Amino acid sequence: MSTMKAAQWDPTLQKVVVNQIPIPEPKENQFLVKIASASLCLSDLMSIAIPKADRDYAVTLGHEGAGYVDKLHPSAEGKGFKIGDAVGFLYIIGCCFECRGCMIHNNHCLTQDSRVQGFTADGFFAEYALVDWHSAIVLPSSLDVKIASPLFCAGVTAYHCVDSCELKPDDWLVIIGCGGLGQFATQYAKAMGFKVIGIDINDEILANVKSQGADVVFNSRTNKTYAKEILELTQGGAPAVAVFSNASAAYKSAPPLVRLGGILMVVGLPHDGVTFDALDIARGTYRVKGDSTGIPQRMPKAIAFTAKHNIQPEVEIRTSLDEVPDMVATMQAGKNTKRMVVSL
């Protein structure tokens with residue numbers, strides 16, 4: 001049996017280990033992908049945090065991937081893919097992709113038991129991975145498969161969130177949390193004609209987002225008057241404030257920055273959830289919306305826009321799966337300023 005290298009979370013050892021495991025065989029509606037890039041997302045730390053009592057087996061980490069079609073199951077033939085195609089893909093497998101639940105989010109499949117790769121099924125920090133053909137898209141030639149993986153969580157999520165903010169050209173968008181998703185969101189927002197205010201607590205991250213087009217940036221930790229300055233700059237608040245941070249403090253800081261009747265966009269996922277003032281919502285002080293990677297049917301619009309406007313992820317490239325343990329440790333320590341990508 002042929003084997004491959006995979007970076008897995010070991011629930012017994014409680015650490016990331018790089019193992020040799022069998023190369024999987026594609027099943028119904030699947031093809032095998034030779035991974036060209038896989039990247040680390042903050043929510044991968046949520047996978048690591050799953051208690052052993054709830055998941056007692058080793059799982060290959062990673063839910064952002066891109067690569068080349070290597071082998072098709074007969075049921076996946078004639079679906080628009082061929083061996084050798086450079087593809088990107090989402091990360092939920094085993095769902096039907098067509099029921100009422102799947103039209104909202106594939107986690108809500110009403111007919112089959114969907115699983116999330118990198119969490120309850122093997123993910124993409126491996127030399128090969130399985131992909132449901134419904135979740136995949138052939139990459140435009142202008143997108144480099146060797147660094148394209150961040151598009152298929154961070155990128156698509158950021159595009160959907162900015163696109164759902166109901167803004168007009170020259171409107172202000174406040175982005176709270178300017179890491180990987182916030183940097184993507186800045187590029188998308190500028191390409192859509194919006195003005196961007198970036199907020200973070202890391203000056204290096206703020207310098208990155210400024211170089212990607214943010215009009216104004218604020219360090220909310222060191223600038224005690226940033227909220228007042230934003231209200232003055234936007235003449236009473238921004239039409240939309242998108243929170244990409246998973247910090248509870250980020251969500252607490254957001255409502256005062258929203259213009260009356262504006263949108264507060266939920267993106268980041270705090271460990272203990274998030275609470276909004278019911279009276280504010282009832283009175284229309286602001287509206288709460290949320291978005292995510294969404295469903296595969298929404299993906300082509302995001303990828304086409306990305307290619308047309310040459311949206312590029314800011315990445316730190318690693319060249320071996322053996323580096324995944326260090327990548328995880330770097331993210332846990334909060335020391336990463338760009339998306340960390342293993343490019344194979």
Side-chain angles (χ1 to χ4, degrees), residues 40-46 48-49 150 154 157-158 161-162 165 172-190 194-259 262-277 280 285-286 288 290 313-316 327-340:
L40 193 65
C41 178
L42 189 62
S43 55
D44 289 318
L45 300 187
M46 296 168 61
I48 288 171
T157 296
C161 291
V162 174
C165 279
W172 284 104
L173 170 64
V174 174
I175 292 173
I176 302 179
C178 297
L181 274 82
Q183 291 173 29
F184 263 126
T186 297
Q187 293 188 62
Y188 286 123
K190 296 306 296 181
F194 310 144
K195 294 181 290 189
V196 173
I197 297 171
I199 301 175
D200 206 281
I201 59 173
N202 184 308
D203 286 334
E204 186 175 351
I205 288 176
L206 288 170
N208 284 340
V209 80
K210 190 76 165 65
S211 71
Q212 293 172 59
D215 296 274
V216 187
V217 296
F218 293 95
N219 186 317
S220 57
R221 175 173 287 170
T222 60
N223 184 340
K224 302 305 180 183
T225 64
Y226 80 93
K228 179 182 178 182
E229 292 178 49
I230 289 173
L231 292 178
E232 291 175 352
L233 182 63
T234 59
Q235 298 181 333
V241 175
V243 185
F244 289 91
S245 170
N246 69 343
S248 296
Y251 275 97
K252 290 179 182 177
S253 72
L257 304 178
V258 185
R259 178 177 298 174
I263 288 173
L264 197 163
M265 178 63 66
V266 173
V267 192
L269 305 175
H271 180 268
D272 295 321
V274 61
T275 302
F276 299 108
D277 189 301
D280 278 343
T285 306
Y286 54 84
V288 177
E314 285 284 320
V315 298
E316 175 188 328
M327 292 164 58
V328 170
T330 298
M331 181 170 282
Q332 288 175 321
K335 294 181 178 179
N336 58 299
T337 59
K338 300 178 180 179
R339 213 67 169 180
M340 292 181 285

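Every value quoted in this text rests on a predicted model; they were computed, and no experiment measured them.
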Asks: Do I230 and I199 come within less than 4.5 Å of each other through their side chains, counting heavy atoms only?
Replies: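 Yes. Closest side-chain heavy atoms under 4.5 Å.
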Asks: Please give me the minimum heavy-atom distance between L42 and N246, naming the atom from each residue.
Replies: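 Taking every non-hydrogen atom into account, CD2-ND2, 3.5 Å.
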Asks: Name every donor-acceptor pair, under 3.5 Å, that has one atom in a side chain of residues 176-185 and the other anywhere in the protein, sequence neighbours excluded.
Replies:
| unit_1 | atom_1 | unit_2 | atom_2 | d |
| --- | --- | --- | --- | --- |
| Q183 | OE1 | Q212 | NE2 | 2.9 |
| Q183 | NE2 | C178 | O | 3.0 |
| Q183 | NE2 | T337 | O | 3.3 |

Asks: Salt bridge (charged side-chain N to carboxylate O under 4.0 Å, His left out): which pairs involve residues 239-253, sequence neighbours left out?
Replies: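 The answer is none; no pair qualifies.
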Asks: Please find the pair of heavy atoms, one from A154 and one from R339, that lie closest to each other, and give the distance.
Replies: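 For A154 versus R339, the nearest heavy atoms are CB-NH2, 3.4 Å.
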Asks: Kindly write out the residues that satisfy side chain to side chain donor-acceptor pair (under 3.5 Å) with E229, not counting sequence neighbours, or none if the list is empty.
Replies: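 Side chain to side chain donor-acceptor pair (under 3.5 Å) check on E229 returns N223, T225.
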Asks: Quick check for you: to the nearest 0.5 Å, what is the distance between I201 atom CD1 and N219 atom CG?
Replies: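 Interatomic distance, I201 CD1 to N219 CG, rounded to 0.5 Å: 7.5 Å.
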Asks: List the residues meeting side chain to side chain donor-acceptor pair (under 3.5 Å) with N202, not counting sequence neighbours, and say none if there are none.
Replies: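 Side chain to side chain donor-acceptor pair (under 3.5 Å) check on N202 returns nothing, list empty.
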Asks: Given 3.5 Å as the limit, does a donor-acceptor pair link the side chain of K224 with the main chain of R221, or not?
Replies: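 Yes, K224 side chain to R221 backbone: donor-acceptor pair under 3.5 Å.
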Asks: Only counting residues at least two apart or in another chain, list the ones meeting side chain to side chain donor-acceptor pair (under 3.5 Å) with T234.
Replies: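 Expected list: none.
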Asks: Once salt bridge (charged side-chain N to carboxylate O under 4.0 Å, His left out) is applied, what residue pairs with a partner in residues 198-218 remain, sequence neighbours excluded?
Replies: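 Output for this query lists K190-D215.
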Asks: Ignoring hydrogens, what is the shortest heavy-atom contact between V162 and A189? Give both atom names and the distance.
Replies: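 Looks like CG1-CA, 3.9 Å.
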Asks: Among all residues two or more places apart in sequence or in another chain, which pass the side chain to side chain donor-acceptor pair (under 3.5 Å) test with Y188?
Replies: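 Result, side chain to side chain donor-acceptor pair (under 3.5 Å) vs Y188: T306.
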Asks: With sequence neighbours excluded, tell me which residues meet salt bridge (charged side-chain N to carboxylate O under 4.0 Å, His left out) with D280.
Replies: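 By the salt bridge (charged side-chain N to carboxylate O under 4.0 Å, His left out) rule, D280 matches R283.
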Asks: Please find the pair of heavy atoms, one from M265 and one from C165, that lie closest to each other, and give the distance.
Replies: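 Heavy atoms only, the tightest pair is CE-SG, 4.0 Å.
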Asks: Between Y251 and V267, which heavy-atom pair has the shortest distance, and what is it?
Replies: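 Minimum heavy-atom contact is OH-N, 3.2 Å.
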Asks: To the nearest 0.5 Å, what is the distance between CG (L45) and NE2 (H271)?
Replies: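 One gets 11.5 Å once the value is rounded to the nearest 0.5 Å.
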Asks: State which residues pass side chain to side chain contact (heavy atoms under 4.5 Å, CB included) with P255; sequence neighbours excluded, sorted by chain then number.
Replies: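 L264, Y286.
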Asks: Could you tell me which residues satisfy side chain to side chain contact (heavy atoms under 4.5 Å, CB included) with A247, sequence neighbours excluded, listed by chain and number?
Replies: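 For A247, the residues satisfying side chain to side chain contact (heavy atoms under 4.5 Å, CB included) (neighbours in sequence not counted) are S245, A250.
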Asks: Verify the neighbour count for atom CD of E232: are there more than 12 heavy atoms of other residues, nucleotides or ligands below 6.0 Å?
Replies: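 Yes - once you tally the heavy atoms of other residues, nucleotides and ligands closer than 6.0 Å, there are more than 12.
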Asks: Any side-chain heavy-atom pair from F218 and V174 closer than 4.5 angstrom?
Replies: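 No; the side chains remain at least 4.5 Å from each other.
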Asks: Rounded to the nearest 0.5 Å, what's the gap from CG on N208 to CD on E314? Could you check?
Replies: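 Taking CG in N208 and CD in E314, the distance rounds to 6.0 Å.
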Asks: Tell me every residue that passes side chain to side chain contact (heavy atoms under 4.5 Å, CB included) with N336, counting only those two or more places apart in sequence or in another chain.
Replies: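 N336: side chain to side chain contact (heavy atoms under 4.5 Å, CB included) contacts with T330, M331, M340.
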Asks: Nearest 0.5 Å please: distance from the CG atom of L257 over to the CG atom of L231.
Replies: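 Output value for this atom pair is 6.0 Å.
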